[in-house]
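Every chain is numbered from 1 and lettered A, B, ... according to where its sequence line falls, protein lines coming before strand lines. When reading the values below, keep in mind they use all heavy atoms of this one structure, side chains included, and skip hydrogens, waters and symmetry mates.
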Amino acid sequence: MPELPEVEVFGQYIQATSLHKKIVKVTVQDERILENISADNLAEKLKNKSLQSLKRYGKYLFVRISGDDEIYLMLHFGMSGNVKYFRDIEQQPSHMRIRLEFENGYYLGIISQRLLGKVGIVDDLQKFLEDKELGGDALNIDFDTFKELLSHKRGNIKSALMDQHLMAGVGNIYSDEILFQSKIHPACDVSSLNLSQKKTIFQQMKQVLQIAIQCSSEPDNFPDEWLLRNRNVDAKCPRCGDNIMRTKISGRSAYFCPTCQKQ
DNA sequence: GGTAATGTTAGACT
DNA sequence: TAGTCTAACATTAC
């Protein structure tokens, strides 16, 4: 799930459930998702503190931890992450790797089925983002910057949209939707795009991400004319009815309509 | 049992 | 040298 819209929704979820509650215990069930920190150290940083506020940057979520020092709980969800606020320990979610216990008896579980997510503590947000060499957040980037970035880029447009060094937040799923809405083939070479096509992609990127957030990133809520309502090889194009096709681009599955998205 | 899955990145390649 | 591409990571679900 977790591309920019999902991460934004996870942030809203944490905000609605888990802020300003004293953390009484931290349980790390699998240390493999920890980034540059030990389980003991993570627990020490969080114990007797509370979660204060949220910032999202690309696919990263930073949760401000209470206290004089400006430090953040960093969450990255990889390909299969999630968060869950729950009370009954008997019904804790499967694949939960880290669990915060609050004073009120509730828990916040950090789930990572495939262990590709990352959790850590960040004390210098600016430096963290620089070290990761992330581009601007996809929802904040302006067209002049977008255009400039693409002008130095080679290869296909789908990979460019997914390149977190160019801009942060778009992944495999949403790049498909952005290109479907833009009526541009995912394998299209960036250097062959004219100004008007770049403008369209830029506008669709903003629109697709914003609408996805408004839909709580639930595919069932997505507009009928979206590819993502039915992103599979048996689907028909919601625009022209042709068969949706799948191909490999940069090692990832790309779904597209061969009629609407000519190369 | 084979295949694919929404991300990132080290190392190979151009 | 720097940008691009590929394979690997670990696990589960179909």
What pairs of nitrogen or oxygen atoms, one from the protein and one from nucleotides 9-14 of chain B, lie under 3.5 Å apart?
residue	atom	partner	partner atom	Å
B/dT9	OP1	A/Lys132	NZ	3.4

### Query
Do A/Leu19 and A/Val26 share a hydrophobic cluster, counting only Ile, Leu, Val, Met, Phe, Trp and Tyr and linking them when any side-chain heavy atoms are less than 4.5 Å apart?
yes
Please confirm whether the shortest side-chain N or O distance from [X] to OP1 or OP2 of [N] is below 4.0 Å.
X	N	answer
A/Ser253	B/dA5	yes
A/Tyr174	B/dG7	no
A/Lys153	C/dT4	yes

Quick check for you: to the nearest 0.5 Å, what is the distance between [X] atom [atom1] and [Y] atom [atom2]?
X	Y	atom1	atom2	answer
A/Lys118	A/Lys59	NZ	NZ	15.5 Å
A/Gln29	A/Ile110	CD	CD1	11.0 Å
A/Gln210	A/Cys215	CD	SG	12.0 Å

### Query
In dot-bracket notation, what is the pairing pattern of DNA chain B, taking Watson-Crick (N1-N3 plus N6-O4 or O6-N4) and G-U wobble (N1-O2 and O6-N3) contacts under 3.5 Å, with [ ] crossing and | for other strands?
.||||.||||||||
### Summary
When A/Ile184, A/Ile244, A/Thr247, A/Leu227 are each screened for side chain to side chain contact (heavy atoms under 4.5 Å, CB included) with A/Phe256, the one that passes is A/Thr247
Could you state the [atom1]-[atom2] distance from [X] to [N], rounded to the nearest angstrom?
X	N	atom1	atom2	answer
A/Lys248	C/dC5	NZ	C1'	14 Å
A/Asp131	B/dT8	CG	C1'	15 Å
A/Asn172	B/dA5	CG	C1'	10 Å
A/Met167	B/dT8	CE	P	13 Å
A/Ile111	B/dG7	CD1	P	18 Å
A/Arg246	B/dT3	CZ	P	12 Å
A/Glu133	C/dT4	CD	C1'	15 Å
A/Leu166	C/dC5	CG	C1'	15 Å

### A/Asn172 and A/Lys158 side chains, donor-acceptor separation under 3.5 Å
yes
Each nucleotide N or O in nucleotides 9-11 of chain C that has a protein N or O under 3.5 Å away: list the pair and distance.
residue	atom	partner	partner atom	Å
C/dA10	O3'	A/Arg32	NH1	3.2
C/dA10	N1	A/Arg114	NE	3.1
C/dA10	N1	A/Arg114	NH2	2.9
C/dT11	OP1	A/Arg32	NH1	2.7
C/dT11	OP1	A/Arg32	NH2	2.4

Using the [atom1] atom as the reference point in each nucleotide, state the distance between [N] and [M] in Å, no decimals.
N	M	atom1	answer
B/dG11	C/dA10	P	15 Å
C/dA13	B/dT8	P	22 Å
C/dT1	B/dT9	P	23 Å

### Query
Is the A/Phe77 to A/Phe10 ring centre distance short of 6.0 Å?
yes
### Query
Mind checking whether A/Phe128 and A/Tyr72 have ring centres under 6.0 Å apart?
no
### Message
Considering every strand and a 4.0 Å limit on heavy-atom distances, what is the contact class for A/Gly171: base, sugar-phosphate, or nothing?
### Response
sugar-phosphate
### Task
Remember a base hit wins even if backbone is also touched, and classify A/Lys118 as base, sugar-phosphate or nothing at under 4.0 Å, heavy atoms.
nothing
### Message
Does this structure show an ion pair linking A/Lys236 with A/Asp242, if we count only N-O contacts that are shorter than 4.0 Å?
### Response
no
### Message
Can you tell whether the side chains of A/Lys132 and A/Glu35 come within less than 4.0 Å, N to carboxylate O?
### Response
yes
## Note on the structure
Closest to the side chain of A/Gln164, out of B/dT8, B/dA5, B/dG7, is B/dT8
### Query
Using the ring of each side chain (for Trp, its six-membered ring), is A/Trp226 parallel, tilted or perpendicular to A/Phe222, with breaks at 30° and 60°?
tilted
### A/Tyr255 six-ring face occupied by A/Arg231 cation (under 6.0 Å, within 45°)
no
